[in-house]
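Pasting a structure below so you can have a look.
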Amino acid sequence: MAFELPDLPYSYDALGPYMSAETLEYHHDKHHLAYVNKANELIKGTGLEDAGLEQAMVSCFKDPQRGGLFNQLGQHFNHIHFWNWMAPNGGGKSLPSGLEKDIKDAFGGYDGFYDAFTKAGGGQFGSGWVWLALDGASGKLEVMATPNGENPVPYGKTPLLGCDVWEHSYYIDYRNDRGKYLKAFLDSLVNWEYVAELYEKGPLKIAA
Ligand code: MN3
């Protein structure tokens, strides 16, 4: 089944002033669409057409011949969630209770998580993503950064929250100030209800 571009879960101007309509129009309508189209083109003839997005992604990760397809599939997966990881009037440190407790256990509290997330996101050299992920083996929460279209899934970890640190995600609104963008993302955009929903579902189960 061909991959499709999902609609944004809010209007283009819903995240202002923290993320502008112009950013969302380019990011969703052009960048995400391009990943969808390229993934559909590159997956033809691989035998992975009906594997499902997550499974196809993990299968390609291990195959050096399929690095190009992996990045397109990864970016499709990452952006499907990214739109839902933001909401109007989002962000801030009031988290759903189960998540709040486990973030305290893992990072000493919201502030510790905030520092780890902004540091990892700011330190990712070039294009990539910063994540709050659930490690499938230890059951622990951790912060990690990945390059390009990669995400925690091929490492046996489940992404609970991710922030796109490719320049296309912030250059219109923040120019080169990634730090300011990461701060706005955490303070004013994060949809913690969606994070909690993913956390409740538990680890993604994908055959290695
Ligand atoms: Mn992007």
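As the structure lists them, so they are numbered: ligands from 1, and atoms in each ligand from 1.
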Note to self: Taking the six-membered ring for Trp, are Phe61 and Tyr155 closer than 6.0 Å centroid to centroid?
What the structure shows: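 Phe61 vs Tyr155: aromatic centres under 6.0 Å.
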
Notebook entry, point to check: At their closest point, which heavy atom of Lys93 faces which heavy atom of Glu100, and how far apart are they?
Noted result: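 Heavy atoms only, the tightest pair is O-OE2, 4.4 Å.
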
Next item on the list: If you have a sec, read the angle at the Mn ion (ligand 1) from His79 atom NE2 over to His27 atom NE2, to 10 degrees.
Entry: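 It is 90°, given to the nearest 10°.
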
Check: Hey, which N, O or S atom on His168 ends up closest to the Mn ion (ligand 1)?
Finding: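 Answer by atom name: NE2.
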
Check: Is the Tyr35 ring parallel, tilted or perpendicular to the His31 ring (thresholds 30°, 60°)?
Finding: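 The arrangement is tilted - the two ring planes meet at 30° to 60°.
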
Notebook entry, point to check: Of all the atoms in His31, is at least one N, O or S atom closer to the Mn ion (ligand 1) than 2.8 Å?
Noted result: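 No N, O or S atom of His31 is closer than 2.8 Å to the Mn ion (ligand 1), so no.
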
Next item on the list: Tell me, please, if His32 has any N/O/S atom, main chain or side chain, under 2.8 Å from the Mn ion (ligand 1)?
Entry: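 Of the N, O and S atoms in His32, none lies under 2.8 Å from the Mn ion (ligand 1), which means no.
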
Margin query: Below 30° counts as parallel, above 60° as perpendicular, anything between as tilted: where do the rings of Phe185 and Tyr181 land?
Written below: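 The arrangement is tilted - the two ring planes meet at 30° to 60°.
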
Next item on the list: Could you pull out the atom name of the N/O/S atom in Asp164 that is nearest the Mn ion (ligand 1)?
Entry: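 The Mn ion (ligand 1) is closest to the Asp164 atom OD2, counting only N, O or S.
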
Note to self: Closer than 4.0 angstrom, basic N to acidic O: yes or no for Lys119 and Asp115?
What the structure shows: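 Not counted as a salt bridge, because no side-chain N and carboxylate O are separated by less than 4.0 Å.
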
